[in-house]
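The block underneath contains the structure these notes are about, expressed in structure tokens.
Throughout, numbering of the chain's residues begins at 1 and tracks the sequence.
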Amino acid sequence: MNAYAPILVLGALGAGFAIFSVVMATLIGPKRYNRAKLEAYECGIEPTPTPRGGGRFPIKYYLTAMLFIVFDIEIVFLYPWAVSFDALGLFGLVEMLLFVLTVFVAYAYVWRRGGLEWD
């Protein structure tokens with residue numbers, strides 16, 4: 001337990017500072033509310049009412065999200081593989097080639113659907 005004491009102390013200090021900052025900002029900070037501050041922030045554009053069933057997102061939104069997730073997962077798996085490449089041998093090389101091929105299929109799908117083209 002003594003080995004983890006500095007980590008616990010650092011975590012407690014960080015959490016204490018975060019809580020202290022939020023509480024002090026609400027107590028001491030200015031409270032000048034107006035109509036503009038109470039509205040949702042939309043980058044200077046007046047918000048438009050949404051349709052009854054909710055707005056529809058374009059397919060490019062989902063393709064971009066899928067592309068981000070695919071490459072994020074690829075990086076998460078490539079770092080440990082690169083570190084232990086020598087210990088894995090031929091089996092590790094074949095498995096990583098199959099994984100990269102799977103990632104390439106997802107990349108080709110997004111590319112084919114136009115997810116990489118920015119209008």
Side-chain angles (χ1 to χ4, degrees):
M1 186 66 180
N2 285 341
Y4 295 109
I7 296 171
L8 292 174
V9 169
L10 185 63
L13 281 173
F17 178 74
I19 292 170
F20 174 77
S21 298
V22 169
V23 169
M24 292 308 289
T26 56
L27 292 177
I28 298 174
K31 294 171 179 57
R32 292 183 296 265
Y33 299 111
N34 56 25
R35 192 178 70 115
K37 282 190 177 184
L38 294 176
E39 286 184 7
Y41 180 67
E42 295 286 338
C43 300
I45 300 171
E46 290 294 325
T48 58
T50 57
R52 178 171 287 203
R56 296 186 67 171
F57 290 102
I59 189 69
K60 288 189 179 192
Y61 174 79
Y62 296 106
L63 290 176
T64 304
M66 185 175 75
L67 189 67
F68 172 75
I69 290 172
V70 163
F71 284 112
D72 193 38
I73 291 172
E74 180 185 16
I75 293 300
V76 165
F77 284 124
L78 277 176
Y79 276 127
W81 174 77
V83 169
S84 62
F85 176 71
D86 291 336
L88 293 175
L90 183 63
F91 173 75
L93 180 64
V94 171
E95 290 298 320
M96 189 50 67
L97 286 176
L98 288 173
F99 177 70
V100 169
L101 180 68
T102 306
V103 169
F104 180 72
V105 168
Y107 174 71
Y109 174 76
V110 170
W111 189 356
R112 184 91 169 128
R113 297 287 292 188
L116 300 176
E117 297 172 8
W118 301 102
D119 295 331

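With sequence neighbours excluded, the residues forming a side chain to side chain contact (heavy atoms under 4.5 Å, CB included) with V23 are I19, L27, listed by chain and number. With sequence neighbours excluded, no residue satisfies ring pair (Phe, Tyr, Trp, His ring centres under 6.0 Å) with F104. The side chain to side chain contact (heavy atoms under 4.5 Å, CB included) search around D86 returns none, not counting sequence neighbours. Scored by the ring pair (Phe, Tyr, Trp, His ring centres under 6.0 Å) test, Y109 finds no partners at all (sequence neighbours excluded). Among residues two or more places apart in sequence or in another chain, the side chain to side chain contact (heavy atoms under 4.5 Å, CB included) test is passed with L93 by W81, F85, L90, L97. Residues satisfying the side chain to side chain contact (heavy atoms under 4.5 Å, CB included) criterion with Y33, sequence neighbours excluded, are K31, L38. In this structure, Y62 has no ring pair (Phe, Tyr, Trp, His ring centres under 6.0 Å) partners at least two apart in sequence or on a different chain.
In the hydrophobic clustering, I75 connects to Y79, either directly or through intervening members, whenever side-chain heavy atoms lie under 4.5 Å apart. Applying the 4.5 Å side-chain rule to ILVMFWY residues, one finds V9 in the same cluster as L13. Annotation for Y4: hydrophobic cluster partners, listed by chain and number, are I7 (ILVMFWY side-chain heavy atoms under 4.5 Å, direct or chained).
I69 and V76 fall into different hydrophobic clusters, defined by Ile, Leu, Val, Met, Phe, Trp and Tyr side-chain heavy atoms under 4.5 Å apart, directly or through other members.
With values rounded to the nearest 0.5 angstrom, F77 atom CZ is found 10.5 Å from D72 atom CG. One finds the CZ atom of F91 at 10.5 Å from the CE atom of M96 (value rounded to the nearest 0.5 Å). Distance CD1/I73 to CG/L78: 12.0 Å, rounded to 0.5 Å.
Closest heavy-atom contact between P6 and A3: CD-O, 3.7 Å.
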